[in-house]
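A short write-up of the structure that comes next.
Keep in mind the model is a prediction, meaning the values are calculated, not measured. All residue numbers refer to positions in the sequence shown, counting from 1.
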Amino acid sequence: MINRLNKFLEKAMPFLTPTGVVLGLLCTSWLHSYSFLAPWVFAAMTFAGSLGSNFKDLGKVMMHPLPIIAIFVILHVVMPLVGWGAGNLFFPGDDLTLSGFVLMFVIPTGVISLVWVTIYRGNVALTLALILLDTILSPFIVPFSLSLLVGAKVQMDAWDIMRGLLWMVVIPSLIGMALNQITKGKIKASWGPNLAPFSKIALFIVVALNGAVIAPYLQQMNTKLVVIILVAFVCATIGYMLGWLFAKLMGWDRDLTIALTFNSGMRNLSAGAVLATTFFPPPVALPVIAGMLFQQILAALYGHRLSKSYGMNGPAATKAA
């Protein structure tokens, strides 16, 4: 029963986050009062997603560090500059929207990228190592990048953001990985299949709760909002494309190409939305929420393209998130 539910949710992944946003808009009067639960649900989702990781995998991947360095450069140098450039180009003088586009691309790679890499049989060890490193470094990278690119324009408390990332992302991840390490993988085998659908349902809940918070800004469709959505779509596409192009230029194999494509394009935007609605004025969350509309759809499209280019017979079934 649980396995069938997980397979159904995997197939529904491209539509999960857009549906969550729509639910948040439609039920904002009811869901808004529960928005305080978003960080807690996200922390539980992070814990469930990290049960498949361990520190041994990190050691293996760091023996050949070039792929992980390439992803880090795309994630935390190239794409934040793309977001900053897009914000300045299309929204000059709008500091809150600019901050939203920067925040969209300084957030670490998402635990949900592991789902896509597993589905399309990419390099899981690289993905797990990247999630571990990026998660641990996120309390430092995110505030520093925001301060560097928009710090003088928008009031923010870097320490509060660090604390939020620590208990919402880092601590649940370290607990999950430690349990996996201590039990020598037994907890992943026993808990993983049962928690796999929970991670996807939790993602839906977090998106709906955050959608409810910014509903007043999304319900009034205007030219600016349309431009935000279009720019977010183009920028999100660039992330996936850069990972795929770099892997192709390096002549890397299918496993690495799939891992680079998904990990360069996926962001922990649900965490970004929680940060935006917690530590910034609501308009900062608009580009992040707009990115959430397309991220899973783009992942499905790139997965289909990769599957065809490598002659794969569609996605593989997976039991763990």
Side-chain angles (χ1 to χ4, degrees), residues 17-18 20-21 24-25 28 31-32 34-43 45-46 75-76 79-80 82-84 86-87 91 94-112 138-139 141-151 153-169 202-220 224-225 227-229 231-233 235-236 239 266-295:
T17 48
V21 173
L25 293 175
T28 180
L31 288 176
H32 192 281
Y34 295 98
S35 60
F36 70 94
L37 293 173
W40 295 94
V41 176
F42 187 85
M45 182 178 73
T46 304
L75 284 175
H76 296 300
M79 290 311 299
V82 168
W84 179 83
F91 306 97
D94 188 344
D95 295 338
L96 295 180
T97 302
L98 169 63
S99 300
F101 275 102
V102 172
L103 179 62
M104 178 180 173
F105 292 111
V106 300
I107 289 297
T109 191
V111 175
I112 204 69
S138 63
I141 292 176
V142 173
F144 173 77
S145 300
L146 285 170
S147 297
L148 185 66
L149 295 175
V150 298
K153 298 182 178 182
V154 175
Q155 185 177 2
M156 62 179 181
D157 191 324
W159 287 109
D160 274 352
I161 294 173
M162 286 183 72
R163 283 194 293 269
L165 283 165
L166 273 170
W167 79 262
M168 190 171 67
V169 179
L203 175 66
F204 176 81
I205 293 171
V206 169
V207 171
L209 291 174
N210 289 325
V213 172
I214 66 160
Y217 299 90
L218 286 176
Q219 286 172 341
Q220 299 176 353
K224 178 183 176 181
L225 185 55
V227 175
I228 287 175
I229 292 172
V231 173
F233 173 77
C235 290
M266 298 294 292
R267 293 283 176 164
N268 211 335
L269 291 182
S270 47
V274 173
L275 289 177
T277 54
T278 303
F279 300 110
F280 296 93
V284 173
L286 288 176
V288 181
I289 296 292
M292 292 170 73
L293 290 171
F294 306 115
Q295 184 168 249

Inset, instruction - Compare all side-chain heavy atoms of R267 with those of M104 and state whether any distance is below 4.5 angstrom. - result: no
Legend entry - Residue pair C235 / F105: nearest heavy atoms and the distance that separates them: CB-CZ, 3.4 Å
Inset, instruction - To the nearest 0.5 Å, tell me how far L103 CG sits from L96 CG. - result: 12.0 Å
Legend entry - Note, T97 side chain near P287 side chain (heavy atom, < 4.5 Å): yes
Legend entry - Non-hydrogen side-chain atoms of V106 and F144 separated by less than 4.5 Å: no
Legend entry - Value rounded to 0.5 Å, distance of CG in D94 from CG in L286: 9.5 Å
Inset, instruction - Side-chain contact test, heavy atoms from C-beta onward, threshold under 4.5 Å: evaluate it for L275 versus I107 and give yes or no. - result: yes
Inset, instruction - Heavy atoms only: give me the nearest L269-G291 pair and the separation to one decimal. - result: CD1-C, 3.6 Å
Inset, instruction - Determine, stepwise, if the pair L146 / F280 fulfils side-chain contact (heavy atoms from CB on, under 4.5 Å). - result: CA-CA 12 Å; L146 285 170; F280 296 93; 4.1 Å; yes
Legend entry - Residue of the set L75, I141, V142 for which side chain to side chain contact (heavy atoms under 4.5 Å, CB included) holds with P108: V142
Legend entry - Aromatic plane relationship, F91 with F101 - under 30° parallel, 30 to 60° tilted, over 60° perpendicular: parallel
Legend entry - Partners meeting side chain to side chain contact (heavy atoms under 4.5 Å, CB included) with I205 (sequence neighbours left out): V41, I201, L209
